[in-house]
Amino acid sequence: MVYKRVCITCNTEFETNHPKHLNCSKECNSIYRVNQRYKRENNDWQRYFKHLLSTKKDHTLTVAELVGKIAEQNYKCALSGVELTCNHERGNIIQTNASIDRINAGEEYNYGNIQLVCRAINSFRGNLSIEEFKFWCEEVVKNAIQK
Ligand SMILES: [Zn+2]
């Protein structure tokens, strides 16, 4: 038995002998699985942090600690104060998504040494200390105001 289907990911027609296949190819299947994971994680801090921690080595953090930390921060970025989000979109980096920032970049990821900041701030800060980061932010703002 051959089934005619339309791929749920790329909308291309395909044939399959398996009635449960939704995707036309391995590639579409992996895109589909990532999209499904994103859907589950969106607006679900537990799942979002669980995945975030799975991408990090050398830490002693737990999902419960991160959920506690974000509540403590009122769901706002510790450095910029913008509202943090936990949404994924394929092919799109959401700059307000929460990320784990080490207060002292030379130390490890442990509860006492982390804060949650938005993606944008985390990438701007890089390896700067918080003092250095603030200095450069101020310089940018001063310069931008003068222009
Ligand atoms: Zn496809």
Side-chain angles (χ1 to χ4, degrees), residues 1-130 132-134 136-137 140-141 143-144 147:
M1 181 81 199
V2 173
Y3 300 86
K4 283 205 164 198
R5 286 283 140 85
V6 174
C7 173
I8 196 166
T9 300
C10 73
N11 280 320
T12 304
E13 278 187 35
F14 69 104
E15 291 183 346
T16 174
N17 47 25
H18 199 292
K20 283 189 175 168
H21 278 172
L22 300 173
N23 289 284
C24 69
S25 62
K26 265 189 184 166
E27 289 71 31
C28 281
N29 194 46
S30 75
I31 291 169
Y32 177 73
R33 289 210 321 271
V34 171
N35 285 340
Q36 291 300 100
R37 178 166 62 72
Y38 283 179
K39 268 191 208 157
R40 288 192 304 271
E41 283 174 13
N42 283 350
N43 299 309
D44 183 334
W45 286 108
Q46 294 264 353
R47 285 183 198 258
Y48 179 84
F49 285 137
K50 190 173 173 211
H51 178 70
L52 198 58
L53 287 180
S54 77
T55 67
K56 292 210 183 305
K57 296 179 274 185
D58 299 328
H59 69 78
T60 57
L61 298 164
T62 65
V63 170
E65 283 177 333
L66 294 178
V67 168
K69 183 67 88 181
I70 198 158
E72 199 180 285
Q73 292 184 203
N74 281 321
Y75 299 86
K76 295 202 167 89
C77 170
L79 289 171
S80 72
V82 305
E83 186 123 11
L84 293 171
T85 57
C86 57
N87 290 309
H88 283 299
E89 273 169 31
R90 195 177 176 79
N92 215 352
I93 293 171
I94 299 180
Q95 298 291 8
T96 53
N97 272 353
S99 66
I100 305 170
D101 184 45
R102 283 173 293 182
I103 295 167
N104 182 340
E107 275 176 37
E108 62 171 9
Y109 287 95
N110 62 55
Y111 193 71
N113 189 39
I114 59 129
Q115 58 188 357
L116 297 166
V117 301
C118 59
R119 288 277 307 255
I121 292 292
N122 211 343
S123 55
F124 297 157
R125 188 185 156 200
N127 291 323
L128 299 175
S129 71
I130 289 175
E132 288 167 331
F133 175 70
K134 284 181 182 168
W136 288 110
C137 288
V140 168
V141 170
N143 182 53
K147 282 185 178 166

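FYI, side chains are in, hydrogens and waters are out, and symmetry mates aren't considered; it's all heavy atoms of this structure. Just so you know, residue 1 is the first one in the sequence shown, and it goes up from there. Being a predicted model, the structure only gives us computed values, none of them experimental. Each ligand, and each atom within it, is numbered from 1 in the order the structure gives.
- Separating the OG1 atom in Thr60 from the CD atom in Glu108 is a distance of 5.5 Å, to the nearest 0.5 Å.
- The shortest side-chain heavy-atom distance between Asp101 and Ile121 does not fall under the 4.5 Å cut-off.
- Atom CZ in Arg125 sits 9.0 Å away from atom CZ in Arg102 (nearest 0.5 Å).
- Separation of the His88 and Tyr38 ring centroids falls under the 6.0 Å cut-off.
- Residues Leu84 and Trp45 meet the side-chain proximity criterion, which asks for heavy atoms closer than 4.5 Å.
- Counting only distances under 2.8 Å, and ignoring water, the protein N, O or S atoms around the Zn ion (ligand 1) are Cys7 SG, Cys10 SG, Cys24 SG, Cys28 SG.
- Rounding to the nearest 0.5 angstrom, the gap separating the OG1 atom in Thr9 from the CG atom in Leu22 is 8.0 Å.
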